[in-house]
Novice: 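Below you'll find the structure I mean.
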Number of protein chains: 4
Amino acid sequence: MIIQLDMQSDVPIYTQLMNQIIEGIARGDLKLGEALPSVRGLASDIGVNLHTVNKAYNLLKQEGFIQIHRQKGVVIQPDAMPLVTPEYELKQHNQLRPIIAEAICRGMTKEQLLQVTEQIHKEIMHNEKGNA
Amino acid sequence: MIIQLDMQSDVPIYTQLMNQIIEGIARGDLKLGEALPSVRGLASDIGVNLHTVNKAYNLLKQEGFIQIHRQKGVVIQPDAMPLVTPEYELKQHNQLRPIIAEAICRGMTKEQLLQVTEQIHKEIMHNEKGNA
Amino acid sequence: MIIQLDMQSDVPIYTQLMNQIIEGIARGDLKLGEALPSVRGLASDIGVNLHTVNKAYNLLKQEGFIQIHRQKGVVIQPDAMPLVTPEYELKQHNQLRPIIAEAICRGMTKEQLLQVTEQIHKEIMHNEKGNA
Amino acid sequence: MIIQLDMQSDVPIYTQLMNQIIEGIARGDLKLGEALPSVRGLASDIGVNLHTVNKAYNLLKQEGFIQIHRQKGVVIQPDAMPLVTPEYELKQHNQLRPIIAEAICRGMTKEQLLQVTEQIHKEIMHNEKGNA
DNA sequence: GTGGTCTAGACCACT
DNA sequence: GTGGTCTAGACCACT
């Protein structure tokens, strides 16, 4: 999978990394149980410090997206993705709310908003290679 | 309008302030041309640093949501809200994408995602006092 | 509160730090809502790197023992300590089991084991200064 | 005796192995003088590295739980288990202390703590096949 | 070779 | 002044 980072962005690199990996899973580029590059391997590939990759991996592990084995390395969670918990619903709500509020201010209709959402959903699922 | 801040959150206070004001406009609590409290007034009202309110106001001005006059003070943009520019569309896209990707990972269907979006849209518009 | 670290121990420093703070709360030396030293302050006080303190603080925050405010600094969770969750019970069980098994091997009776437990409990609660 | 390893756990495998064998002795599944599988045999049985089994066996030997003979192979210490030495008491104390401190923080009473200890003791002794 | 821990040091965001 | 992020580099534990 190709990781694309924007070093100018004010989104922390480790967050961008997490997002890229999560999207990789969503679109099926990364299959459940599939191996990810080692911390040092990925770090040197994308030209960032090992600790930055480590932080991203550890947070993904905490949230249940990946497993880290001390010797075998890192794999996408083989059993099942984390589910929609109440905590997640709250987090998602808090993330979406200001985005939707701004859209309303700027005159987007509900229909336009839903269309954008659907469009992004399609973009992600489009290259989908089938993730169980 | 009542400002609700979460001092525990890791969302910067100035960002929360911006979000609250933008949502206030979206729901019609804040009308076009309406006066906002002075920097000092708001800061002491909600118990935050002067610089924090200042930063929020300045960013809102930059984005075109408010006007700041030396004499008249701060008012919601009287003429018209900023519109849906290509830059805004890009920003919105970049904000929504990782949220939608995570939702897909966790097994939310497109329909559930649209429902959540519609639900939040309704929440914001509900207390609407008419600025459509 | 005095922090005592054993630099020779194979228990990671950040874990020792966590343990010391948790025991400080247990014995009432650290009251709910009380301020803890800043990351850098504590690091220089006890002669370890800032990142080591940071890791301990962040894990304690994750588990709900402390709150971290970006500017105000670090405080013991003011509202209430984390409770006995099923996850915690499992963790505790897994920690205690091998300890108890070894004690049995070495010929300790159940009574002796309970006595040791009670003794340590008393040691911790002894200097207790009253924690709500 | 059945060895149960958790490859996901961050407890090192050699430690898990040691714990399982010690618990096997505690519960009487492994009798004094009883033969243990060879390093190679056990390693291939449970699918772990030779060195891992070796490390576990060597540490168990150091602590006096097993004997390793060039010819006869590995046996549970035939004469008597290691006893409660001052060093062991110190180690046990250091292991139990942070566990008990956290339990106190989370609001467990002394009685609940003793109950958990007793419960685990019973779990281990229950399948006991007599080596009291 | 893998991740884990720790250090030293820098710059940034926030208030 | 506070914590957050990132780098460069080292040694260790585990297999």
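Numbers restart at 1 for each chain; the letters A, B, ... are given by sequence-line order, proteins then strands.
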Novice: Take the protein atom CG of A/Asn49 and the nucleotide atom P of F/dT5, then report the distance between them rounded to whole Å.
Specialist: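 Going from CG in A/Asn49 over to P in F/dT5 covers 14 Å.
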Novice: For a quick check of understanding: with a heavy-atom distance under 4.0 Å over all strands, which category does C/Lys72 fall into, base, sugar-phosphate or nothing?
Specialist: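 C/Lys72: no heavy atom of the nucleic acid under 4.0 Å.
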Novice: Looking at every strand, decide which applies to B/Leu50 at a 4.0 Å heavy-atom threshold: base, sugar-phosphate, or nothing.
Specialist: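 Result for B/Leu50 = nothing.
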Novice: Return yes if the base of E/dC6 and the side-chain atoms of A/His51 contain a donor-acceptor N/O pair under 3.5 Å, otherwise no.
Specialist: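 Side chain to base: pair present.
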Novice: Considering every strand and a 4.0 Å limit on heavy-atom distances, what is the contact class for C/Asn54: base, sugar-phosphate, or nothing?
Specialist: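 Sugar-phosphate contact only - C/Asn54 comes under 4.0 Å of backbone atoms but never of a base.
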Novice: Output the rounded distance in Å from CG (B/Leu5) to C1' (E/dT15).
Specialist: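 Taking atom C1' of E/dT15 as the reference, CG of B/Leu5 is at 13 Å.
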Novice: Are any non-hydrogen side-chain atoms of B/Leu59 and B/Tyr14 less than 4.5 angstrom apart?
Specialist: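 Sidechains of B/Tyr14 and B/Leu59: in contact.
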Novice: For B/Val48 and for C/Val11, locate the closest nucleotide of DNA chain E by heavy-atom distance; then report the residue assigned to the nucleotide nearer the 5' terminus.
Specialist: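 Closest to the 5' end, via its nearest nucleotide, is C/Val11.
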Novice: Is there, by distance only and without an angle test, a donor paired with an acceptor across the side chain of A/Arg40 and the base of E/dG4 below 3.5 Å?
Specialist: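 Yes.
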Novice: Considering every strand and a 4.0 Å limit on heavy-atom distances, what is the contact class for B/Tyr14: base, sugar-phosphate, or nothing?
Specialist: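 Sugar-phosphate: the residue B/Tyr14, judged by heavy atoms under 4.0 Å, touches backbone atoms but no base.
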Novice: How many Å lie between CG on C/Asp10 and P on E/dG4, as a whole number?
Specialist: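 My rounded result for the distance is 17 Å.
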Novice: Do D/Ile66 and D/Leu36 touch side chain to side chain, with heavy atoms closer than 4.5 Å?
Specialist: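 In contact.
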Novice: Do the side chains of B/Lys91 and B/Glu87 get close enough for a salt bridge, i.e. N-O under 4.0 angstrom?
Specialist: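 Here B/Lys91 does not pair with B/Glu87 in a salt bridge, since their nearest N and O are not under 4.0 Å apart.
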